[in-house]
Amino acid sequence: MLPISTVIITLNEERNIRQALESVKWTDEIVILDSGSTDKTLDICREYPNCKIYYQEFKGFGEQKQKAISLATNNWILSIDADEVLDAELEKNIISLFSSKNYNQYQGYFIVRTLVFMGKTFRYGRESRELKIRLFDKNHGNWDDNAVHEELVLKGNTGKLKGFLLHYSFRDLHHYFDKFNEYTTQLAIYMKNKNRKMSRTRSIVRMPLDFLKIYFVYGNCLNGYQGFVWSCLSTFYRFVKFTKYLEMTNQ
C-alpha cells in the first residue's frame, strides 16, 4: 500500500462507488465521508478493508471535503468524487511515482479530468481536458469553502500526471436535471451573496452567444450528438442560473 489517503464524500452513490473504489483500492486508506446515504453505498464501501467510513451532515461541497481530508492519516491525499474513476494509465503513473520516492519534489499534481456523458468519453471541448489538482500534500493545500464548484487551493510547486480521471457525472438525463436544479440554485445564491451584476437583457443576449462558444469555439461540435446535447444543456444551465439570480433579487 502506498502512503496515500484517498478521500471521497458520498450520498447515495451505489451506482458509481464500486468502480471508483476499484480504481483506488491500492492506496493505504480510503476515507469515506457520508452525509446520510439510504441506498447500498456504505454496504459496498464496507467490502473494502482499507475503507474508513465517517458521517457528517452535508455542509456544502467545500466544507465536506475539508472535513474528509482532516480525517485522513496520511499527508498525501488523492481527492476524487464518487463518480470519478482513475484510468489504467493514471493509476500506473501514481504507483510508479510513489514507488520511486520522487513524489516530494512537488507539493501537488495536476490530473486531466475528462467527461463521460451519455455513454461517450469526450475527446474534444473543455470538459475533455480539465486540469485539476487532485493529488497533493495536505500540509500545503486544501479545498476552499465554496458550497458548489469548490476549488483546491495549493501553496507550492506542481507537476502533472499522465492518464485520465474519467468523470461519470450523470447516470442519465433525469439525474442530470436533478443536479441541474440543485446546482443552479446554489450558484444563484452565490451570485447574490457576492453582489454579482446581471440584467435581463444581458441574460437574453448571452444565451445564443454561450451556445456558439460552447459548441463551436470549445470544440464540442467534434463530440458528435452527445456534444450537441451537452452544449444545449450547458447553455440552458447558465441561463437558468442567471434567471434564478434575477428572481432572487426581484428583478
Side-chain angles (χ1 to χ4, degrees), residues 2 4-10 13 16-17 19-24 26-27 30-33 60-70 72 74-98 103-117 120-170 176 179 183 186-187 190 214 218-220 223 230 234 237:
L2 302 180
I4 301 172
S5 295
T6 299
V7 298
I8 308 174
I9 63 172
T10 57
E13 293 285 355
N16 298 312
I17 194 64
Q19 62 179 356
L21 294 174
E22 281 294 315
S23 73
V24 296
W26 43 268
T27 56
I30 302 172
V31 175
I32 301 293
L33 182 60
F61 286 98
E63 288 191 42
Q64 206 75 1
K65 290 183 177 181
Q66 289 174 8
K67 178 63 176 179
I69 289 171
S70 73
N74 294 296
N75 288 331
W76 278 90
I77 304 296
L78 177 59
S79 181
I80 67 170
D81 293 337
D83 56 10
E84 295 175 340
V85 178
L86 282 68
D87 74 356
E89 184 180 13
L90 178 56
E91 178 182 339
K92 178 181 176 181
N93 274 276
I94 295 176
I95 292 174
S96 176
L97 175 66
F98 277 76
Y103 55 89
N104 282 319
Q105 62 183 312
Y106 298 110
Q107 285 71 56
Y109 289 88
F110 281 99
I111 293 173
V112 180
R113 185 174 74 167
T114 188
L115 176 68
V116 182
F117 180 67
K120 184 181 183 68
T121 301
F122 278 28
R123 296 303 181 195
Y124 304 95
R126 294 202 308 177
E127 292 77 15
S128 70
R129 52 180 182 271
E130 293 180 302
L131 276 176
K132 302 287 186 180
I133 300 176
R134 291 301 187 83
L135 180 64
F136 60 95
D137 184 339
K138 68 179 181 181
N139 294 313
H140 296 271
N142 208 331
W143 294 95
D144 61 22
D145 295 326
N146 288 348
V148 66
H149 290 330
E150 66 287 355
E151 293 289 339
L152 195 137
V153 180
L154 183 83
K155 294 181 179 179
N157 298 319
T158 56
K160 181 182 175 183
L161 294 168
K162 294 181 180 179
F164 293 93
L165 185 65
L166 302 175
H167 189 203
Y168 295 86
S169 187
F170 312 105
Y176 174 89
K179 297 180 75 171
Y183 276 53
Q186 290 295 331
L187 288 170
Y190 177 81
I214 295 168
Y218 291 169
N220 277 295
N223 285 321
W230 177 258
S234 298
Y237 178 93

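When reading the values below, keep in mind they use all heavy atoms of this one structure, side chains included, and skip hydrogens, waters and symmetry mates.
Summarising the geometry, atom OG1 belonging to T114 is positioned 7.0 Å from atom CG belonging to L166; distances are rounded to the nearest 0.5 Å. The line from CG of L161 to CD1 of I133 is 11.0 Å long, rounded to the nearest 0.5 Å. The distance from atom CG of L115 to atom NE2 of H167, rounded to the nearest 0.5 Å, is 7.0 Å. Summarising the geometry, atom CG belonging to L90 is positioned 9.5 Å from atom CD1 belonging to I95; distances are rounded to the nearest 0.5 Å. Considering OG of S169 and CG of N16, their distance stands at 9.0 Å, rounded to 0.5 Å. Expressed to the nearest 0.5 Å, how far NZ of K162 lies from CD of E89 amounts to 7.0 Å.
Closest of all the heavy-atom pairs between E63 and D145 is CG-OD1, 4.5 Å. Between Y218 and R129, the shortest heavy-atom distance links the atoms O-NH2, 4.2 Å. The minimum heavy-atom distance between E13 and A82, with the atom names listed, is CG-CB, 3.5 Å. The two residues S234 and I214 make their nearest non-hydrogen contact at CB-CD1, 3.8 Å.
L97 places none of its side-chain heavy atoms less than 4.5 Å from the side chain of Y106. Looking at heavy atoms from C-beta onward, T27 lies out of side-chain contact with L2 at the 4.5 angstrom threshold. Between W26 and L86 the shortest side-chain heavy-atom distance falls below 4.5 Å. Side-chain contact between V116 and V85 is absent, with no heavy atoms from C-beta onward closer than 4.5 Å. For the pair F136 and L152, the minimum side-chain heavy-atom distance is below 4.5 Å. Put simply, the side chain of K65 reaches to within 4.5 Å of the side chain of D81, judged on heavy atoms. Side chains of T10 and L33 form no contact here, defined as non-hydrogen atoms less than 4.5 Å apart.
Partners of D87 by side chain to side chain donor-acceptor pair (under 3.5 Å), not counting sequence neighbours: none found. Looking at residues two or more places apart in sequence or on another chain, you find a salt bridge (Lys or Arg N to Asp or Glu O under 4.0 Å) between K179 and D83. Annotation: side-chain contact (heavy atoms from CB on, under 4.5 Å) contacts of D137 (sequence neighbours excluded): N75, W76, N139, H140. Taking Y168 as the reference, nothing meets the ring-ring contact (aromatic ring centres under 6.0 Å, His included) condition, with sequence neighbours excluded. In this structure, the side-chain contact (heavy atoms from CB on, under 4.5 Å) partners of Y124, at least two apart in sequence or on a different chain, are L222, N223. Residues satisfying the side chain to side chain donor-acceptor pair (under 3.5 Å) test with K138, not counting sequence neighbours, are none.
The aromatic rings of W230 and F122 sit perpendicular, their planes meeting at an angle over 60°, well past the 30° parallel limit.
Here the side chain of Q107 pairs a donor or acceptor atom with the backbone of N157 at under 3.5 angstrom. With T158 contributing its side chain and G108 its backbone, the two residues share no donor-acceptor pair below 3.5 Å. Remark: the backbone N or O of L78 is not paired with any side-chain donor or acceptor of R134 at under 3.5 angstrom. With hydrogens and angles disregarded, no donor-acceptor distance shorter than 3.5 Å links the side chain of S96 to the backbone of N93. Side-chain atoms of E91 do not come within 3.5 Å of backbone N or O of V24 as any donor-acceptor pair. Panel note: side chain N220, backbone G125; no donor-acceptor pair is recorded below 3.5 Å.
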Go through the steps to decide whether K160 and V112 satisfy the test side chain to side chain contact (heavy atoms under 4.5 Å, CB included), and finish with yes or no.
CA-CA 8 Å; K160 181 182 175 183; V112 180; 3.7 Å; yes

Using side chain to side chain contact (heavy atoms under 4.5 Å, CB included), reason through N142 and V153 one step at a time and then give a plain yes or no.
CA-CA 6 Å; N142 208 331; V153 180; over 6 Å; no

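When the shell of 6.0 Å around NZ of K67 is examined, it contains 12 or fewer heavy atoms from other residues, nucleotides or ligands.
A ring-centre distance under 6.0 Å is found for Y183 and F61.
For the side-chain contact (heavy atoms from CB on, under 4.5 Å) test with V7, the passing option among I80, V31, I32 is V31; the others fail.
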